[in-house]
Amino acid sequence: MAKIEKSPDEWQQQLTPEQYRVAREKGTERPFTGDYQVRDAQGIYHCVCCNAPLFENEHKFDAGCGWPSFDRPLGTRCVEEHTDTTHGMQRTEVVCSHCDAHLGHVFPDGPPDTTGLRYCINSVSLEFHPDE
């Protein structure tokens, strides 16, 4: 599948200023300010930029970090991971594989009884589709 590519002006017309800052400029929302805390509803979280399905609510957990956390993406081709050495740290950035939207980072401190991974994702990069 070809990557979805748009100009910065096209993304700015589609997204809110905060969504653009986080998803297109690799920003981070402040912890505990997002919309998607752990909930019991069945559903799928999609990319706010291209609507690609990314994470399933079933794999969400409360990591106490202030951002939505998942132990895995919906599928192996939903996201891509890249080395991020900004801010004097070495982390693994997570982006949407369809449009390269910045989603967040993945860390090896997730639930040990599942994958052991914590996909720490900005809620402004996601849109929840209930009952999917």
Side-chain angles (χ1 to χ4, degrees):
M1 175 190 275
K3 293 263 187 185
I4 296 169
E5 295 184 24
K6 295 183 181 184
S7 71
D9 287 341
E10 289 173 307
W11 287 122
Q12 284 178 326
Q13 289 174 16
Q14 175 185 330
L15 303 169
T16 68
E18 180 70 350
Q19 289 169 332
Y20 182 84
R21 183 185 72 77
V22 172
R24 305 314 314 173
E25 296 181 328
K26 300 183 185 289
T28 301
E29 66 188 349
R30 289 187 0 250
F32 301 103
T33 62
D35 293 334
Y36 297 125
Q37 300 307 314
V38 175
R39 59 167 84 177
D40 292 331
Q42 174 70 23
I44 305 289
Y45 293 87
H46 290 246
C47 176
V48 74
C49 293
C50 71
N51 201 37
L54 300 173
F55 297 95
E56 192 170 10
N57 198 56
E58 176 182 334
H59 299 291
K60 190 172 187 200
F61 65 96
D62 185 0
C65 63
W67 293 276
S69 297
F70 304 86
D71 70 353
R72 71 193 81 172
L74 188 59
T76 57
R77 295 185 178 176
C78 295
V79 300
E80 294 176 0
E81 298 176 5
H82 305 285
T83 300
D84 176 1
T85 58
T86 60
H87 307 294
M89 298 181 273
Q90 184 162 352
R91 302 177 290 176
T92 303
E93 178 191 19
V94 179
V95 300
C96 173
S97 63
H98 302 285
C99 70
D100 289 330
H102 173 73
L103 303 172
H105 293 86
V106 61
F107 301 97
D109 60 359
D113 58 327
T114 62
T115 64
L117 299 174
R118 174 175 55 99
Y119 286 81
C120 185
I121 306 299
N122 291 287
S123 65
V124 297
S125 295
L126 301 173
E127 184 174 272
F128 185 65
H129 294 210
D131 299 321
E132 228 179 50

Exercise for the section: Assess the side chains of Ser7 and Asp9: does a donor N or O sit below 3.5 Å from an acceptor N or O? Expected result: no
Is there a path of hydrophobic side-chain contacts, each under 4.5 Å between heavy atoms of I, L, V, M, F, W or Y residues, that connects [X] with [Y]?
X	Y	value
Tyr20	Val22	no
Val94	Leu117	yes
Leu74	Phe70	no

Which atom names give the shortest non-hydrogen contact between [X] and [Y], and what distance separates them?
X	Y	value
Cys120	Ser69	CA-OG, 4.4 Å
Val95	Lys26	CG1-NZ, 4.4 Å
His102	Ser125	O-OG, 2.9 Å
Gly104	Asn122	CA-ND2, 3.9 Å
Ile44	Leu54	CG2-N, 4.3 Å

Please tell me if the side chains of [X] and [Y] come closer than 4.5 Å, counting only heavy atoms from C-beta onward.
X	Y	value
Lys60	Pro68	yes
Glu56	Gln42	yes
Cys65	Pro31	no
Glu93	Leu103	no
Arg24	Cys99	yes
His105	Arg118	no
Phe61	Thr114	no
Cys49	Leu15	yes

Whether the side chain of [X] engages the backbone of [Y] through a donor-acceptor N/O pair (distance < 3.5 Å, no angle test) should be reported.
X	Y	answer
Thr92	Thr83	no
Asp84	Thr86	yes
Thr85	Gln90	no
Asn57	Ala41	yes
Arg91	Phe107	no

Practice task
Calculate, to the nearest 0.5 Å, the distance between atoms CZ and NE2 belonging to Arg77 and His98 respectively.
Solution key: 10.0 Å
Practice task
Enter the distance from Cys50:SG to Lys6:NZ here, rounded to the nearest 0.5 Å.
Solution key: 8.5 Å
Exercise for the section: Using a strict cut-off of less than 4.0 Å between a Lys/Arg side-chain nitrogen and an Asp/Glu carboxylate oxygen, indicate whether Lys3 and Glu80 qualify as a salt bridge. Expected result: yes
Handout entry: Identified ring-ring contact (aromatic ring centres under 6.0 Å, His included) partner of Tyr45 from the options Tyr119, Phe55, Phe128
Key = Phe128
Exercise for the section: Show your working on side-chain contact (heavy atoms from CB on, under 4.5 Å) between Leu126 and His46 and close with a plain yes or no. Expected result: CA-CA 5 Å; Leu126 301 173; His46 290 246; over 6 Å; no
Exercise for the section: Apply side chain to side chain donor-acceptor pair (under 3.5 Å) to Ser123 and Asp35, showing your working. Expected result: CA-CA 6 Å; Ser123 65; Asp35 293 334; 5.6 Å; no
